[in-house]
Amino acid sequence: SKKKGLSFEEKRVRMMEIFFETKDVFQLKDIEKIAPKEKGITSMSVKEILQSLVDDGMVDTDRIGTSNYFWAFPSKALHARKRKLEELESQFAESSQKKEALQKSIEKSKIGREDTAERAALIDELAALRQKKEQLKAEIDKYRECDPDVVEEMRQTNKIAKEAANRWTDNIFSIKSWAKRKFGFEESRIDKSFGIPEDLDYID
């Protein structure tokens with residue numbers, strides 16, 4: 001069967017072994033020769049793996065003259081892993097606290113919502129009170145029509161509307177008279193042309 005290749009993480013581990021075992025400083029071309037022979041890492045993937053370790057602070061690099069040099073010592077790697085572990089533990093603790101707070105909030109919200117006979121009776125009573133409130137509101141609205149202030153307000157509104165209607169009726173009669181004098185139109189023709197009712201009259 002075909003041999004399974006190394007995963008990205010396995011390649012990273014094996015590359016770190018090169019630095020830890022030799023405790024030496026290398027150029028990229030050196031690692032590209034060592035990695036395939038000693039650790040089974042293909043030379044084409046060496047640069048990508050190495051850069052990922054540099055980005056994570058696991059491997060140090062520096063440019064001297066025209067060449068880049070890479071190195072990593074166990075002590076620094078240990079501190080880097082320790083910091084990462086502390087960071088993850090802090091995030092876990094924070095998540096745990098949030099989860100616990102939410103759980104307490106859920107439990108608290110359930111208090112007083114248990115399906116008991118007393119709660120059911122209170123719910124029925126509340127529904128009845130709401131229905132009673134709506135009935136009373138409808139009754140108040142009905143009796144409000146007999147309120148003296150409301151009646152007076154309606155009278156004033158009717159008075160204003162009546163005056164406005166009569167004013168417009170007066171304007172229409174004036175225009176009809178002017179049209180008859182100016183153009184000699186018959187009144188019936190004017191009414192028909194402008195949609196004016198034949199029985200149009202003032203409101204008493």
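Values in this document were obtained by computation on a predicted structure and should not be read as measured data.
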Compare all side-chain heavy atoms of [X] with those of [Y] and state whether any distance is below 4.5 angstrom.
X: W71; Y: T61; answer: no
X: F73; Y: D60; answer: no
X: M15; Y: V59; answer: no

Heavy-atom donor-acceptor pair, K37 side chain to I34 backbone, under 3.5 Å: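 No, the answer is negative, given that no donor and acceptor are paired below the 3.5 Å cut-off.
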Minimum heavy-atom distance A35-V46, with the two atoms named: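 Heavy-atom minimum between the residues: CB-CG2, 3.8 Å.
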Heavy atoms of other groups near Q91 CD, more than 12 under 6.0 Å: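 Correct, the count exceeds 12.
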R14 and E17: CA distance, side-chain angles, deciding distance, salt bridge (charged side-chain N to carboxylate O under 4.0 Å, His left out) verdict: CA-CA 5 Å; R14 292 194 180 195; E17 288 175 355; 5.6 Å; no
Rounded at 0.5 Å granularity, tell me how far [atom1] in [X] sits from [atom2] in [Y].
X: N68; Y: D62; atom1: CG; atom2: CG; result: 8.5 Å
X: T22; Y: E38; atom1: OG1; atom2: CD; result: 8.5 Å
X: L50; Y: S45; atom1: CG; atom2: OG; result: 11.0 Å
X: Q27; Y: I64; atom1: CD; atom2: CD1; result: 9.0 Å
X: I49; Y: I31; atom1: CD1; atom2: CD1; result: 11.5 Å
X: L28; Y: Q51; atom1: CG; atom2: CD; result: 10.0 Å

Listed once per pair and sorted, the salt bridge (charged side-chain N to carboxylate O under 4.0 Å, His left out) pairs that draw on residues 41-55, sequence neighbours left out: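 Listed by first then second residue: nothing to list.
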Output all residues satisfying salt bridge (Lys or Arg N to Asp or Glu O under 4.0 Å) with [X], sequence neighbours left out; order by chain, then residue number.
X: E10; answer: none
X: D24; answer: none
X: D30; answer: none
X: K98; answer: E94

Full working for salt bridge (charged side-chain N to carboxylate O under 4.0 Å, His left out) between E21 and K39: CA-CA 12 Å; E21 289 169 1; K39 298 299 178 181; 3.3 Å; yes
Between E32 and S43: side-chain donor-acceptor atoms closer than 3.5 Å: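 No donor-acceptor contact under 3.5 Å links the two side chains.
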Exercise: do S174 and S177 side chains pair donor with acceptor under 3.5 Å: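 No - no donor-acceptor pair under 3.5 Å links their side chains.
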Aromatic ring proximity F19/F70, centre distance under 6.0 Å: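 Aromatic pair excluded; centres sit 6.0 Å or further apart.
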M58-L88 co-clustered via ILVMFWY side chain contacts under 4.5 Å: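 No, separate clusters.
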Pairing residues for F8 by the ring-ring contact (aromatic ring centres under 6.0 Å, His included) criterion, not counting sequence neighbours: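 Result, ring-ring contact (aromatic ring centres under 6.0 Å, His included) vs F8: none returned.
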